[in-house]
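Here the structure is laid out as structure tokens; the discussion comes afterwards.
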Amino acid sequence: MTEAVLPERRGGLRDRLAAWRDRTLADPRFQRWASGFPLTRPVARRRTRALFDLCAGFVYAQTLAACVELKLFPLLRNGPRSTDSLAPDLRLSPAAAERLLKAAAALELVSARRDGRWSLGPLGAAMLGNPGVEAMVRHHAMLYRDMADPVGLLRGERRETALASYWPYARADDPAALDRDQVADYSALMSASQHLVAEDVLDAFPLDGFNRLMDVGGGDGTFLRAVAARSATPDLILFDLPPVAALARESFAKAGLSDRARAVGGTIFREPLPKGADAVTLIRVLHDHDDAAARTILRAVAGALPPGGTLLVAEPMSGTPGGAPITDAYFGFYLLAMGSGHTRTPVRLREMLREAGFGAIREPRTRRPLMTRLLVSRRNDTLTDNTP
Ligand SMILES: CC(C)=CCC/C(C)=C/CC/C(C)=C/C=C/C(C)=C/C=C/C=C(C)/C=C/C=C(C)/C=C/C=C(C)/C=C/CC(C)(C)O
Ligand SMILES: C[S@@+](CC[C@H](N)C(=O)[O-])C[C@H]1O[C@@H](n2cnc3c(N)ncnc32)[C@H](O)[C@@H]1O
């Protein structure tokens with residue numbers, strides 16, 4: 001699970017300098033001096049603010065959760081409104097509404113206007129444009145329940161987490177035995193949050209020119225429906241657990257795609273994948289799994305593709321500039337609470353792809369790499385087991 005790191009050289013000059021720097025920065029007398037000295041004051045203020053934001057992050061997140069629960073952003077869709085006009089729609093007293101609106105304004109979710117009314121702030125407007133994020137915010141209640149005991153989570157003392165129940169395949173001995181009720185909520189969440197991902201993948205790699213595309217772990221078919229709307233690939237196959245494949249089948253029928261798209265139910269670790277596709281997509285699938293399972297998935301995909309067949313892997317990846325809080329903090333703990341998996345760097349994913357029999361690996365640039373990066377590879381002519 002951990003990536004190769006250079007052997008640590010203990011006690012060298014660099015270590016001693018780092019220890020001196022850390023002691024200095026931690027010294028309250030230095031902190032007091034640096035907060036007043038004109039050249040160091042801006043850095044000191046930035047760090048004070050950054051540390052405060054870490055202390056307060058939960059409160060900020062819950063302010064957003066209250067805005068979502070009370071449907072504040074749609075209330076401001078048609079223009080500015082006063083506290084008194086908003087309060088009844090929020091089902092809050094005017095004083096409570098004012099408190100929420102001030103908090104939301106501080107977080108740029110709404111904007112306070114000079115005349116005392118409120119309009120959407122830049123982040124509230126972004127929320128309105130991304131309904132999937134709202135669904136994410138709602139389901140965070142479970143994540144925060146699990147995160148109430150982060151140390152217990154790290155020590156593996158809390159197996160019965162809310163997220164493990166929500167994503168039952170992560171720990172199930174027999175994921176094929178899951179029923180519709182157990183997969184419906186997570187499939188709806190994935191569908192709601194899929195459009196940004198699908199747009200970015202298809203903008204970066206339009207998926208034209210293939211005869212048959214198979215989306216493995218394709219959920220309720222939202223990604224394949226986006227493909228059908230944009231590309232000329234004639235045949236679409238979705239592979240997922242049986243009750244999820246059933247949801248996809250229904251969604252294809254509703255979208256009038258039943259003649260072009262079919263859904264196959266199965267468990268990737270047990271059933272062989274359907275053959276005949278010349279391209280396969282794994283969208284937000286590998287990071288759900290620990291290395292052994294992720295390798296099995298890649299080998300199964302290699303076995304299903306013909307030589308030269310194309311594989312797309314799309315998910316958030318570690319090592320993305322500016323993305324470490326998302327991949328290494330948010331998803332790091334999220335996947336721990338869920339019960340398996342971790343985000344990987346593109347370098348690590350390339351290694352795993354090569355081991356599984358893929359080559360010609362490249363990374364088309366996506367619009368929002370913090371959320372989705374994409375690796376495109378081709379199946380080698382022959383498959384040899386290169387697993388170390
Ligand atoms: C017009 C003028 C005057 C100026 C223009 C200024 C300008 C350029 C403004 C920019 C406007 C703009 C385009 C804003 C766009 C904002 C967007 C697109 C915001 C998107 C935000 C997305 C967020 C916050 C996404 C959150 C995603 C989350 C929390 C995802 C969680 C995923 C999970 C839990 C996945 C689980 C799957 C599993 C289990 C790991 O496999
Ligand atoms: C995080 S979701 C991603 C869904 C979709 N690709 C997306 O991006 O919205 C992972 C998907 O993998 C499926 N999955 C998990 N374990 C599986 C298994 N053993 N066999 C087949 N599918 C599996 C889940 O049912 C789920 O639909």
Side-chain angles (χ1 to χ4, degrees), residues 61 64 108-109 120-140 142-143 163-164 166-178 180 182-201 215-226 238-248 263-273 280-289 293-294 296-297 300-301 312-316 325-327 330-343 367-368 370-372:
L64 174 60
E108 299 187 41
L109 293 163
L120 282 173
L123 302 188
M127 286 293 295
L128 259 190
N130 294 283
V133 179
E134 209 175 284
M136 283 294 165
V137 168
R138 288 180 192 281
H139 104 297
H140 278 158
M142 283 179 288
L143 172 61
L163 284 183
Y166 188 74
W167 301 98
Y169 63 76
R171 281 203 189 136
D173 293 330
D174 181 12
L178 296 174
R180 191 181 176 104
Q182 291 171 288
V183 303
D185 285 352
Y186 79 67
S187 297
L189 178 71
M190 288 294 89
S191 174
S193 62
Q194 174 59 245
H195 86 275
L196 285 182
V197 179
E199 273 171 18
D200 285 10
V201 170
D215 190 21
V216 173
D220 77 350
T222 305
F223 178 73
L224 284 188
R225 290 200 309 280
L238 181 141
F239 183 87
D240 208 300
L241 299 172
V244 183
L247 295 172
V264 177
T267 312
I268 197 164
F269 306 116
R270 233 174 43 187
E271 277 86 28
L273 290 171
V280 166
T281 41
L282 286 171
I283 314 279
R284 302 193 287 187
V285 167
L286 288 182
H287 64 356
D288 283 355
H289 300 278
T296 305
I297 294 174
V301 171
L312 273 69
V313 172
E315 56 187 35
I326 297 178
T327 51
Y330 177 82
F331 281 113
F333 270 95
Y334 189 103
L335 292 165
L336 178 67
M338 174 172 128
S340 71
H342 57 274
T343 55
R367 275 186 217 275
R368 290 167 280 228
L370 291 183
M371 293 289 145
T372 311

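In what follows, every heavy atom counts, from backbone to side chain, and hydrogens, waters and symmetry copies are set aside. Count residues from 1 along the sequence. Numbering of ligands and ligand atoms starts at 1, following listing order.
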Would you mind telling me if ligand 1 is within reach of the side chain of Met371, the backbone, both or neither, using heavy atoms under 4.0 Å? side chain

Non-hydrogen atom of Leu335 closer than 4.0 Å to ligand 1: yes

Among Ala314, Gly217, Ala245, which one has a heavy atom closest to atom 12 (O) of ligand 2? Gly217

Numbering the atoms of ligand 2 from 1, which are under 4.0 Å from a heavy atom of Tyr186? 24 (C), 25 (O), 26 (C), 27 (O)

Hey, does Asp288 come in under 3.5 Å of ligand 1, counting only N/O atoms on both sides? yes

Determine whether a donor-acceptor pair (N or O, by modelled atom type, separation under 3.5 Å) exists between the side chain of Glu271 and the backbone of Gly266. no

Counting only heavy atoms, which portion of Asp288 has something under 4.0 Å from ligand 2: side chain, backbone, both, or neither? side chain

Does Phe269 come within less than 4.0 angstrom of ligand 2, counting non-hydrogen atoms of the residue? yes

Tell me which protein heavy atom sits closest to atom 23 (C) of ligand 2, plus the residue, atom name and distance to 0.1 Å. Leu241 CG, 3.8 Å

For Ile268, atoms of ligand 2 separated by under 4.0 Å from a heavy atom: 18 (C), 19 (N), 20 (N), 21 (C)

Using distance alone, decide if ligand 2 has a nitrogen or oxygen within less than 3.5 Å of any nitrogen or oxygen in Tyr169. no

Contact with ligand 1 for Tyr186, non-hydrogen, under 4.0 angstrom: no

Below a 4.0 angstrom heavy-atom separation, can you tell me which part of Thr267, side chain or backbone, both or neither, approaches ligand 2? both

Ligand 2 N/O within reach of Phe239 N/O, cut-off under 3.5 Å: no

